[in-house]
Amino acid sequence: MRLRLTLCYALLFVAVALVLLYTETVTLRRHFAEAQDDALLADVRQFSALYHEFGLQALAGDLRRAAEARGTENAVMVFRRSNLAVAASSPLEPWQDVSLDTPGLAELQPGDVRFRTLPVPDLHLSLRLAEACLDDGNYLQVGQVETAAPAVHHYQRLFFWVLGGTLVLGVGLGWLLIGRAMAGVERVTQTAAGIGLGDLTSRVPRLGRGREIDTLVDAFNAMLDRIGTLVRELREVTDNIAHDLRSPLTRIRGLMETVTLSGESLESYREARGQVIEECDRLVVLINTMLDIAEANAGLKKPQREAVDLRSVLAEAHELFEPVAEERGICFQLELPETLPAVAGDRRHVQRMVANLLDNAFKFTAAGGQVSIAANPVAASVEIAVADTGCGIPVANLPQVFDRFFRGEASRTTPGNGLGLALVQALAHACGGEVSVESEVGKGSCFSVRLPLAVTMQQEK
Ligand code: ADP
């Protein structure tokens with residue numbers, strides 16, 4: 001890959017350079033040729049003016065001087081009579097191999113000027129020749145070795161040196177840069193290969209080798225985090241199913257076995273049937289709660305982030321639990337400030353959290369006790385506090401109360417499955433909130449859920 005990329009760029013570079021060289025050469029040649037023709041034409045005009053004014057003798061001297069000044073092997077000037085015989089010229093020795101009596105010269109009309117290019121055999125040069133028919137029918141030839149070719153050759157040589165140098169430097173630099181970039185991709189590939197073998201803990205280190213590679217590394221690591229969370233959740237759910245569904249199923253089986261073994265009265269069947277239905281219901285609730293927790297923890301389904309009016313949610317909850325409080329002889333209070341900002345979250349999730357906390361508060365508080373529910377703004381959030389004067393939780397158990405299937409000593413005789421607080425925590429986290437507990441044995445407990453303000457949600461958008 002590295003070699004292929006480097007070669008591709010090198011080839012592209014050479015192709016572009018050659019196209020550039022070709023167009024430059026053509027332009028240079030044309031430029032030099034036009035400039036030389038202009039200079040020859042100027043010579044023709046100057047010499048013909050001299051001839052007309054001062055005659056042939058003056059012209060002959062001038063032709064020789066001009067050729068010597070330019071170098072007799074570089075320039076040639078010939079004055080011919082109308083019968084094409086040479087009447088005056090610059091030294092012609094260097095031009096013996098060049099046929100200066102060019103065909104068709106006699107066909108030129110007075111005032112005509114034409115240009116020709118003649119090869120100079122031994123020197124591998126060309127002679128550019130301007131031929132003019134003067135007003136009196138005589139001819140003037142002014143020639144100069146072509147200047148374009150050597151200049152263009154010089155330019156081409158220079159170009160190839162620069163091209164060669166740039167190519168070596170470019171290929172070397174490209175090799176290094178592509179190597180650096182590929183190193184990042186290779187690391188990601190190696191880690192991906194490791195994960196293929198089951199190692200979900202490795203992460204690709206950020207090497208700081210270019211923004212694109214770092215973005216790829218970040219995206220890859222984020223994906224790994226997400227996969228890790230999903231796999232963990234999946235493992236926990238399967239563990240839970242393996243351990244915790246066993247007991248209700250065993251209970252159901254035991255019930256049916258007892259009924260089958262002991263008498264076969266219709267009454268005992270009816271009773272067993274009722275108990276099995278109850279166990280099944282509990283089992284369904286257990287499985288659903290387990291799935292809800294897993295779903296919230298894994299972030300599979302994004303909870304709705306709406307502005308939730310806590311005053312109405314808490315008032316509804318108060319109304320719902322009022323009969324329970326009355327029945328149990330517990331004083332139940334709702335303490336709300338005049339105004340309460342809306343929180344960001346899913347209304348159904350907030351309702352479930354409050355209901356679970358109240359359910360526990362009533363479960364673990366004896367008659368004559370108190371349960372209260374309050375809400376107050378704290379920093380950029382609102383804190384919902386569900387407090388009771390119940391049995392409280394031993395300090396040693398406090399870190400475990402939010403674990404799945406944890407049930408304290410006090411709850412041995414109360415109904416429940418140990419998933420209520422785990423669900424509260426999972427839902428709070430899914431809403432971007434937090435849950436905490438303060439408790440003292442014999443005095444009571446206070447569970448607090450902090451939820452972010454809906455204003456923060458708008459800022460996030
Ligand atoms: P469950 O109530 O079904 O047992 P939870 O997850 O709701 O499960 O609670 C876990 C444990 O935390 C309970 O078994 C209990 O020991 C303790 N707990 C929860 N809430 C309270 C409370 N308000 N007062 C005392 N103990 C509590």
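Nothing here was measured: the structure is a model prediction, and the numbers come from that model. Just so you know, ligand 1 is whichever comes first in the structure, and atom 1 is the first atom listed for that ligand.
Among Ser445, Pro394, Cys446, the single residue meeting the side-chain contact (heavy atoms from CB on, under 4.5 Å) criterion with Ser439 is Ser445.
In this structure, Phe402 does not count as a contact residue of ligand 1, since none of its heavy atoms falls inside 4.0 Å of the ligand. By the 4.0 Å heavy-atom criterion, Gly390 is excluded from the residues contacting ligand 1.
Distance from atom 2 (O) of ligand 1 to its nearest protein heavy atom, with residue and atom name: Lys363 NZ, 2.8 Å. For atom 23 (N) of ligand 1, the closest heavy atom belonging to the protein is Asp388 OD2, 2.9 Å. In terms of protein heavy-atom proximity, atom 4 (O) of ligand 1 is nearest to Arg407 NE, 2.8 Å. Protein heavy atom closest to atom 16 (O) of ligand 1, with residue, atom name and distance, is Gly408 N, 2.9 Å. Protein heavy atom in closest approach to atom 14 (O) of ligand 1: Ser411 OG, 2.9 Å. Of all protein heavy atoms, the one lying nearest to atom 6 (O) of ligand 1 is Leu421 N, 2.9 Å.
Each of the atoms 3 (O) of ligand 1 lies under 4.0 Å from some heavy atom of Gly416. Remark: ligand 1 atoms within the under-4.0 Å shell around heavy atoms of Ser445 are 22 (C), 24 (N), 25 (C).
Between Leu419 and Ile293, the shortest heavy-atom distance links the atoms O-CD1, 3.8 Å. Taking both residues in full, the closest heavy atoms of Gly408 and Asn397 are given as CA-ND2, 4.5 Å, listed atom of the first, atom of the second, then distance.
Atom CZ of Arg114 is surrounded by more than 12 heavy atoms from other residues, nucleotides or ligands within 6.0 Å. No more than 12 heavy atoms of other residues, nucleotides or ligands shown are found within 6.0 angstrom of CZ on Arg45.
Atom 12 (O) of ligand 1 has its nearest heavy-atom neighbour, among Val437, Ile393, Val401, Leu358, in Val401. Of the listed options Gly420, Gly418, Pro415, Gly418 places a heavy atom closest to atom 1 (P) of ligand 1. Looking at Leu419, Asn360, Asp403, it is Asn360 that brings a heavy atom closest to atom 20 (N) of ligand 1. If you check each of Phe406, Phe362, Phe364 against atom 15 (C) of ligand 1, the one with the closest non-hydrogen atom is Phe364.
No salt bridge links Asp309 with Arg347; every basic N to acidic carboxylate O contact stays at or beyond 4.0 Å. A salt bridge links Glu383 with Arg450: the closest approach of a Lys/Arg side-chain nitrogen to an acidic carboxylate oxygen falls below 4.0 angstrom.
The side-chain heavy atoms of Met290 and Val285, taken from C-beta on, include no pair separated by under 4.5 Å.
The aromatic rings of Phe321 and Phe362 sit parallel to each other, their planes meeting at less than 30°, with 60° as the upper class boundary.
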